[in-house]
Amino acid sequence: MATHAISAILSGQVPVGSPVVVQGWVRTRRDSKAGLSFVTVHDGSCFDPLQIIAPADLPNYASEVVHLTAGCAVRVSGELVASTGKGQTVELRADRIEVVGWVDDPETYPIAPKAHSFEYLRTVAHLRPRTNSIGAIARVRHSLAQAIQRFFHEQGYCWVHTPIITGSDCEGAGALFRVSTLDAVNPPRTAEGGIDFDQDFFGHETFLTVSGQLNAEAYCLALSKVYTFGPTFRAENSNTSRHLAEFWMVEPETAFADLHANADLAEALLKFIFRAVLEERADDLAFFAQRIDKTCIQRLEQVVNAPFERMDYSEAVRILEQAGRTFEFPIHWGMDLQSEHERYLAEDHVGRPLVLMNYPKAIKSFYMRVNDDGRTVAAMDVLAPGIGEIIGGSQREERLDVLDARLEELKMDKNAYHWYRDLRRYGSVPHAGFGLGFERTVSYVTGMSNVRDVIPFPRTPRSADF
RNA sequence: UCCCCAGUAGCUCAGUCGGUAGAGCAAGUGACUGUUAAUCACUGGGUCCGUGGUUCGAGUCCGCGCUGGGGAGCCA
């Protein structure tokens with residue numbers, strides 16, 4: 001007999017009266033003197049567990065079934081029947097319950113059938129996917145990742161696998177993790193006494209990537225529309241609910257595109273993936289709305305339905321100056337916006353997602369295209385109510401002379417960027433792209449307040465267990 | 001990295017004035033019941049984060065360290 005996913009059974013794909021087999025883990029057991037036990041089993045295929053009716057005449061009823069506890073693995077076969085109780089439409093009347101794996105010591109099983117704090121669950125990261133919350137997050141994360149791939153594929157974008165190990169420390173974003181096979185205790189030395197990286201695996205210093213953007217630009221200027229989607233690494237000692245040392249990022253790059261096309265793409269992407277998760281994971285979202293964040297569903301629907309506001313940085317500064325409220329950081333043209341400013345703009349002023357564009361040159365990266373005014377660059381941030389910056393991007397500087405001037409201005413080493421400069425020497429075209437932090441997106445969708453709970457095994461300063 | 005807060009039973013927490021520890025949930029046993037975060041009774045369960053100090057006596061007060069959380073900065 002074939003096994004069934006609980007999702008298939010609960011969604012009505014299996015007719016009542018069918019023989020079925022399910023495999024999964026016990027969540028709760030309740031015994032009844034009426035001659036049966038109720039055992040709820042989940043297999044991760046959907047939010048809800050399946051209720052198993054275990055009649056007392058099962059051969060192993062007294063010896064095994066009444067000793068089932070949370071976490072036990074079981075294989076159950078029987079007949080799917082209409083439920084006479086409330087809370088479910090169908091249930092499985094078992095004619096056989098095989099205990100595949102017992103729980104050693106139920107008292108110390110870390111996932112007791114009760115409420116747990118997320119802080120505690122992080123200390124049992126290998127078992128926490130068995131909880132309602134973390135299971136739901138895993139399914140939502142998958143749904144979003146699949147939607148991202150589908151969106152770009154349908155739009156004609158090519159998924160480019162940019163390298164994890166990078167040879168340059170010049171990607172311009174944050175501290176790097178070194179990749180080395182040298183003996184850390186007693187490394188080879190140069191004549192001057194420094195570490196001799198000539199003898200390292202790659203013959204020079206290497207690091208984990210902090211962004212696939214520069215590599216993606218190379219493929220963009222050949223395949224026109226490309227994106228990367230993979231892990232990135234930042235060795236910054238930042239301890240917040242929005243930062244991880246290892247996180248996933250989506251980075252599209254489009255040739256012959258300007259900043260406005262870039263903003264259009266960002267808006268279309270967010271709407272597409274939010275619509276997908278609303279359709280595919282209604283069960284999990286209902287749980288988040290009930291237990292985690294009451295507004296999470298309406299927030300998604302708002303993003304899907306409302307056009308994003310577009311606004312220049314300079315106009316945003318004017319609005320903030322006239323906001324009639326005192327900010328902790330007083331606003332003036334030229335400064336980077338603080339989260340309090342972003343929050344005011346997105347939540348109070350426009351009340352829906354907002355694309356801020358054309359920031360002062362001095363506060364943005366070297367690769368962003370200098371505007372005709374000479375003091376701003378074609379950068380954009382997408383600000384979402386409730387979370388702040390979710391996307392950062394720009395039109396790239398495609399003019400070699402302007403790029404060189406910027407490198408010089410920032411006292412950066414031109415030689416280190418020889419291949420990146422080549423792209424401006426051979427058939428350069430206007431192009432643009434952005435980065436979407438995947439964990440922040442999952443946080444936004446689920447209402448989870450800490451990105452450590454939306455990635456399976458979080459890596460943060462002083463923490464890389466499991 | 002900076003500023004605040006916390007660390008006591010498997011989990012979430014209480015613990016007054018410094019006098020060797022308590023609740024709820026979970027677990028075990030039993031009662032009851034087509035139950036559904038079931039209910040009721042009973043039972044077991046403690047290196048009070050570590051370390052040094054003050055004291056006749058420290059979960060409690062003080063120093064140092066470790067761990068976790070929140071906020072800030074930086075960003076995605």
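None of these values were measured; they are calculated from a predicted model. Quick note on labels: first sequence line is chain A, next is B, and so on, each numbered from 1. Note: hydrogens, waters and symmetry copies are ignored here, and every other heavy atom, side chains too, is used.
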Q: On RNA chain B, compare the nucleotides closest to A/E119 and A/G392; which residue's is nearer the 5' end?
A: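 This one resolves to A/E119.
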Q: Taking only the C1' atom of each, what is the distance from B/C4 to B/C11 in whole angstrom?
A: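 B/C4 and B/C11 have their C1' atoms separated by 26 Å.
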Q: Does atom CZ of A/F288 have more than 12 heavy-atom neighbours from other groups under 6.0 Å away?
A: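 Count over threshold, so yes.
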Q: If the C1' atom of B/G44 is compared with that of B/A27, how far apart are they to the nearest Å?
A: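 To the nearest whole Å, 9 Å.
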Q: Answer with yes or no whether A/E91 presents, from its side chain, a donor or acceptor under 3.5 Å of a partner atom in the base of B/G34.
A: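 Answer yes: a donor N or O sits under 3.5 Å from an acceptor.
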Q: Closest to the A/K114 side chain: B/C11, B/G34, B/C74?
A: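 Out of B/C11, B/G34, B/C74, the nucleotide with an atom closest to A/K114's side chain is B/C11.
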Q: Could you check whether A/F38 gets within reach of a base, just the sugar-phosphate, or nothing at all, counting any heavy atom under 4.0 Å?
A: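 The answer is base, as A/F38 lies within the cut-off (heavy atoms under 4.0 Å) of a base atom.
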Q: Looking across every strand, which nucleic acid part, if any, lies under 4.0 Å from A/N132 by heavy atom: base, sugar-phosphate, or nothing?
A: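 No contact.
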Q: Which part of the nucleic acid, if any, lies within reach of A/P110 when heavy atoms closer than 4.0 Å are counted: base, sugar-phosphate only, or nothing?
A: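 It contacts nothing in the nucleic acid.
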Q: Determine the contact category for A/S241: base if any of its heavy atoms lies under 4.0 Å from a base atom, sugar-phosphate if only primed atoms, P, OP1 or OP2 are that close, otherwise nothing.
A: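 It contacts sugar-phosphate atoms only.
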Q: Determine the Euclidean distance between corresponding C1' atoms of B/U29 and B/G34; express it in Å to zero decimal places.
A: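 Result for the C1' pair: 24 Å, nearest Å.
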Q: If you check every side-chain atom of A/I53, which of B/G73, B/U35, B/G34 has the closest atom?
A: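 So the nucleotide nearest the side chain must be B/G34.
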Q: Look at atom CZ of A/R96 and say whether more than 12 heavy atoms of other residues, nucleotides or ligands are closer to it than 6.0 Å.
A: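 No, the 6.0 Å shell around CZ holds no more than 12 heavy atoms from other groups.
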Q: Expressed in whole Å, how much space separates the P atoms belonging to B/U67 and B/C75?
A: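 Their P atoms lie roughly 27 Å apart.
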Q: Could you check whether A/E217 and A/Q213, counting side-chain N and O atoms only, form a donor-acceptor pair closer than 3.5 Å?
A: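 Side-chain D/A pair, A/Q213 to A/E217: present.
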Q: What does A/T232 touch in the nucleic acid at a heavy-atom separation under 4.0 angstrom: a base, only the sugar-phosphate, or nothing?
A: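 Nothing, no nucleic acid heavy atom in range.
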Q: Please tell me which of the listed nucleotides, B/C75, B/C11, B/A27, lies nearest to the side chain of A/Y120?
A: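 Closest nucleotide among those given: B/C11.
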Q: For A/E439, report the nucleic acid contact type (base, sugar-phosphate, nothing); a contact means any heavy atom under 4.0 Å.
A: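 Nothing, no heavy atom under 4.0 Å.
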Q: Measuring from the side chain of A/F329 (C-beta onward, heavy atoms only), which nucleotide among B/A38, B/U12, B/G73 has the closest atom?
A: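 Looking only at heavy atoms from C-beta outward on A/F329, the closest nucleotide is B/G73.
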Q: Checking contacts here: which listed nucleotide (B/G34, B/G10, B/C75) is nearest the side-chain heavy atoms of A/T108?
A: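 My answer, after comparing the listed nucleotides, is B/G10.
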Q: Could you tell me whether A/D104 atom CG has more than 12 heavy atoms of other residues or ligands within 6.0 Å of it?
A: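 No, CG of A/D104 has 12 or fewer neighbouring heavy atoms, counting only those of other groups under 6.0 Å.
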Q: Under a 3.5 Å threshold, yes or no: a donor from one side chain and an acceptor from the other, between A/T460 and A/R462?
A: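 Not at all, the side chains of A/T460 and A/R462 share no donor-acceptor pair under 3.5 Å.
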Q: Please collect all ring-ring contact (aromatic ring centres under 6.0 Å, His included) contacts where either partner lies in residues 19-75 of chain A, sequence neighbours excluded, each pair once.
A: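 Residue pairs passing ring-ring contact (aromatic ring centres under 6.0 Å, His included), neighbours aside: A/F47-A/F287.
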Q: From C-beta outward on A/N450, which listed nucleotide comes closest to its side chain: B/G70, B/C11, B/U33?
A: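 My answer, after comparing the listed nucleotides, is B/G70.
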Q: Using the P atom in both, what is the distance from B/U1 to B/G24, to the nearest Å?
A: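 That atom pair is separated by 42 Å.
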Q: Heavy-atom nearest nucleotide on RNA chain B for A/H116 versus A/R93: which residue maps closer to 5'?
A: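 Looking at the nearest nucleotide for each, A/H116 comes out on the 5' side.
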Q: I'd like the C1' distance from B/A23 over to B/G15, given in whole Å.
A: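 My reading of the C1' atoms in B/G15 and B/A23 gives 11 Å.
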Q: With sugar-phosphate meaning primed atoms plus P, OP1 and OP2, does A/T240 contact a base, only sugar-phosphate, or nothing at under 4.0 Å between heavy atoms?
A: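 Result for A/T240 = base.
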Q: Given A/R139, which of A/D48, A/D283, A/D284 fulfils the salt bridge (charged side-chain N to carboxylate O under 4.0 Å, His left out) condition?
A: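 For A/R139, the salt bridge (charged side-chain N to carboxylate O under 4.0 Å, His left out) test succeeds with only one of A/D48, A/D283, A/D284, which is A/D284.
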Q: Going by modelled atom types, is there a donor-acceptor pair between the base of B/U35 and the side chain of A/Q88 at under 3.5 Å?
A: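 Indeed there is one.
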Q: Look at all strands and tell whether A/I390 reaches a base, only sugar-phosphate, or nothing, counting heavy atoms closer than 4.0 Å.
A: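 Result for A/I390 = sugar-phosphate.
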Q: Quickly work out the A/R128 CZ to B/C11 C1' distance and round it to whole Å.
A: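 Going from CZ in A/R128 over to C1' in B/C11 covers 17 Å.
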Q: Could you give the distance separating B/U55 and B/C62 at their P atoms, to the nearest angstrom?
A: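 Pairwise P distance, B/C62 against B/U55, rounds to 16 Å.
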Q: For a quick check of understanding: with a heavy-atom distance under 4.0 Å over all strands, which category does A/E251 fall into, base, sugar-phosphate or nothing?
A: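 Since no nucleic acid heavy atom lies under 4.0 Å of A/E251, the category is nothing.
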Q: Rounding to the closest angstrom, what is the interatomic distance between B/G57 and B/C17 at atom C1'?
A: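 It comes out at 15 Å once rounded to the nearest Å.
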Q: Any N or O donor-acceptor pair under 3.5 Å from the base of B/U35 to the side chain of A/Q51?
A: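 Between B/U35 and A/Q51, which were checked side chain against base, a qualifying N/O pair under 3.5 Å is present.
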